[in-house]
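Just below is one structure, and these are the notes that go with it.
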Amino acid sequence: MEKRPPVSLYLVATPIGNLGDLSPRAAKTLEEADFIAAEDTRNTLKLLNHIGVKKPLVSYFEHNRRERGEEICARLLNGEVCALVTDAGTPAISDPGEELVARCHELGLGVSAIPGPCALIAALAVSGLPTGRFSFEGFLSTNGKTRREHLALAAKSPYTLIFYEAPHKLKRTIIDLYKALGDRRLTLARELTKLHEEIIRTTLAKAVSLYEDTKPRGEYVLVVEGRPQTPRQDESSVMQEALNMARDYLEKGVSKSEAVRLACARTGARKNELYRLIAAMDAPKQEKAEKGGDSPCPR
């Protein structure tokens with residue numbers, strides 16, 4: 001077994017609102033790191049002051065992630081240890097830290113997570129919607145075409161959907177979700193763990209009306225019901241959609257197992273059933289090939 005490299009980068013989850021949610025292990029990691037890479041050094045400084053830690057800070061955010069990422073990696077290669085934090089929650093989740101983690105792996109640098117607060121998990125847990133399987137969709141793009149394509153795919157998923165949204169974009173997002181997904185159950189989790197935390201269980205249609213005259217405040221997590229399924233009645237159409245999708249992947253050279261995985265992930269179809277349908281589709285071709293192979297040699 002390949003020996004694991006020593007940890008150079010720690011992903012430290014920080015409170016999403018209540019400073020009391022910072023774990024003792026997270027505080028210890030921040031104290032022992034050589035430096036801290038933060039999305040906003042001003043916010044992180046408040047947290048460090050709260051726990052009585054003084055540590056060098058470097059900014060690492062969306063618009064400097066490539067250049068600063070290389071600078072951070074250079075320091076790690078020289079033996080320093082970095083704690084990566086985001087403004088709130090778990091680094092690398094809807095966060096440029098994702099790129100830094102990938103780069104560290106490329107360079108053979110050890111990465112470890114110090115788990116803790118995560119807004120999407122907290123919102124899902126209190127939503128009252130199915131939690132067994134879910135799809136984290138993050139922030140919707142502001143680009144019209146990309147946004148429509150994203151919503152078109154999300155609309156097909158049978159799993160609970162989770163979105164992040166800023167208050168000034170919330171109204172448009174709810175309207176777009178309603179247009180793309182229809183009227184579904186919705187839980188709005190606002191200002192989680194903070195003084196004005198609010199959990200609103202409603203529907204997309206009602207939420208459109210709710211925010212016609214109400215100005216959204218605070219950061220939101222939207223937990224949306226997955227595509228409703230009518231057992232048996234809708235199953236055949238789902239399987240046919242999955243089969244067509246798998247065929248497209250196979251024609252593009254994708255392996256059978258990957259084609260099935262992708263098609264099932266996008267449609268909610270059952271893998272075993274889709275494998276069976278593909279095998280049935282391939283059977284006539286196999287039989288024809290075998291018959292051709294049994295023909296006598298030409299004389």
Q: Would you confirm whether Ser23, through its side chain, and Ala26, through its main-chain N or O, come within 3.5 Å as a donor-acceptor pair?
A: yes
Q) Any sub-3.5 Å donor-acceptor pair from Asn49's side-chain atoms to Lys46's backbone N or O? A) no
Q: List the steps and the verdict of salt bridge (Lys or Arg N to Asp or Glu O under 4.0 Å) for Glu258 and Arg261.
A: CA-CA 5 Å; Glu258 182 66 3; Arg261 186 188 71 79; 2.8 Å; yes
Q: Please round to the nearest 0.5 Å and tell me the distance separating atom CZ of Phe136 and atom CD1 of Ile121.
A: 9.0 Å
**Q.** Co-membership, hydrophobic cluster, residues Leu48 and Leu19, 4.5 Å side-chain
**A.** yes
Q: Given side-chain contact (heavy atoms from CB on, under 4.5 Å), test Thr160 with Glu225 step by step and report yes or no.
A: CA-CA 5 Å; Thr160 301; Glu225 179 183 17; over 6 Å; no
Q) Distance from Asn43 atom CG to Leu57 atom CG, nearest 0.5 Å? A) 11.0 Å
**Q.** Cluster check Ile72, Leu107: I/L/V/M/F/W/Y, side chain < 4.5 angstrom
**A.** yes
Q.
Quick one about Arg147 and Thr173 (side-chain donor to acceptor, distance below 3.5 Å, no hydrogens or angles considered), yes or no?
A. yes
Q) Is a side-chain donor or acceptor of Lys156 paired with a backbone partner of Arg266 at a separation under 3.5 angstrom? A) no
Q) Does Thr90 use its side chain to pair, donor to acceptor, with the backbone of Pro117 at less than 3.5 Å? A) yes
Q: Find out if a path of hydrophobic residues (ILVMFWY) with successive side-chain heavy-atom gaps under 4.5 Å connects Leu22 to Ile16.
A: no
**Q.** From Thr41 atom OG1 to Asp87 atom CG, the distance as rounded to the nearest 0.5 Å
**A.** 9.5 Å
(Q) Quick check against the 3.5 Å criterion: does Thr187 have a side-chain atom that pairs as donor or acceptor with the backbone of Ser127? (A) yes
Q.
Any heavy-atom pair between the side chains of Leu250 and Lys256 that's under 4.5 Å?
A. yes
Q: Might you point out which heavy atoms bring Ser59 and Asn64 nearest each other, and give the distance in Å?
A: O-ND2, 3.2 Å
Q. Does a donor on one side chain and an acceptor on the other come within less than 3.5 Å for Gln240 and Asn244?
A. yes
Q) If you measure from CG on Leu195 to CG on Asn18, what distance do you get to the nearest 0.5 Å? A) 10.0 Å
Q. What heavy-atom pair brings Lys55 and Asp34 nearest, and what distance separates the two atoms?
A. CD-O, 3.7 Å
Q.
Can you tell me which residue among Met239, Met245, Arg247 is in a side chain to side chain contact (heavy atoms under 4.5 Å, CB included) with Leu243?
A. Arg247
Q) Taking Arg75 for the side chain and Glu80 for the main chain, is one N or O donor matched with an acceptor at less than 3.5 Å? A) no
Q: Show your reasoning for whether salt bridge (Lys or Arg N to Asp or Glu O under 4.0 Å) applies to Lys145 and Glu149.
A: CA-CA 6 Å; Lys145 182 174 183 293; Glu149 290 174 349; 2.6 Å; yes
Q: Classify the side-chain pair Arg184/Thr203 by whether it contains a donor and acceptor separated by less than 3.5 Å.
A: no
(Q) Between Leu177 and Phe163, is the side-chain contact (heavy atoms from CB on, under 4.5 Å) condition met? List the steps. (A) CA-CA 10 Å; Leu177 285 169; Phe163 298 87; 3.8 Å; yes
**Q.** Criterion side-chain contact (heavy atoms from CB on, under 4.5 Å) on Val85 and Leu30, from CA distance to verdict
**A.** CA-CA 9 Å; Val85 299; Leu30 293 173; 3.9 Å; yes
Q. Can you name the nearest heavy-atom pair linking Glu137 to His150, along with the distance?
A. OE1-NE2, 2.7 Å
Q.
Taking the cut-offs as 6.0 angstrom to the six-membered ring centre and 45 degrees off its axis, would you call Arg65 and Tyr60 a cation-pi pair?
A. no
(Q) Quick one about Thr214 and Glu212 (side-chain donor to acceptor, distance below 3.5 Å, no hydrogens or angles considered), yes or no? (A) no
Q) Would you say Val260 and Leu153 are hydrophobically clustered, going by side-chain heavy atoms of ILVMFWY under 4.5 Å? A) no
Q.
Strictly below 4.0 Å, N to O, side chains only: are Asp176 and Arg172 in salt-bridge contact?
A. yes
Q) Are Tyr249 and Tyr275 linked, directly or through other ILVMFWY residues, by side chains that come within less than 4.5 angstrom of each other? A) no
Q: Could you walk me through whether Leu47 and Thr14 pass side-chain contact (heavy atoms from CB on, under 4.5 Å), step by step?
A: CA-CA 9 Å; Leu47 176 63; Thr14 56; 3.7 Å; yes
Q. Which distance, rounded to the nearest 0.5 Å, do you find between the CZ of Arg103 and the CG of Leu100?
A. 10.0 Å
Q: For Arg133 and Tyr159, test the side chains for any donor-to-acceptor distance below 3.5 angstrom and give the result as yes or no.
A: yes
Q) Measuring from Asn78:CG to Ser8:OG, what's the distance to the nearest 0.5 Å? A) 10.5 Å
Q: Could you pull out the closest heavy-atom pair between Cys104 and Val111, with the gap in Å?
A: CB-CG2, 3.7 Å
Q.
Any carboxylate oxygen within less than 4.0 angstrom of a Lys/Arg side-chain nitrogen, looking at Glu31 and Lys28?
A. no
(Q) Restricting to non-hydrogen atoms, name the atom on Ala207 and the atom on Leu186 that form the minimum distance, rounded to 0.1 Å. (A) CB-CD2, 3.7 Å
**Q.** Nearest non-hydrogen partners of Arg25 and Pro115, listed with the distance
**A.** NH1-CD, 3.8 Å
Q) Can Thr267 and Glu241 be counted as having a side-chain donor-acceptor contact under 3.5 angstrom? A) no
Q.
So that I can tick it off, tell me whether Arg217 and Glu191 are bridged by a salt bridge, with the cut-off set at under 4.0 angstrom between side-chain N and carboxylate O.
A. no
(Q) Check Glu273 with Arg276, please: is the shortest side-chain N to carboxylate O separation under 4.0 Å? (A) yes
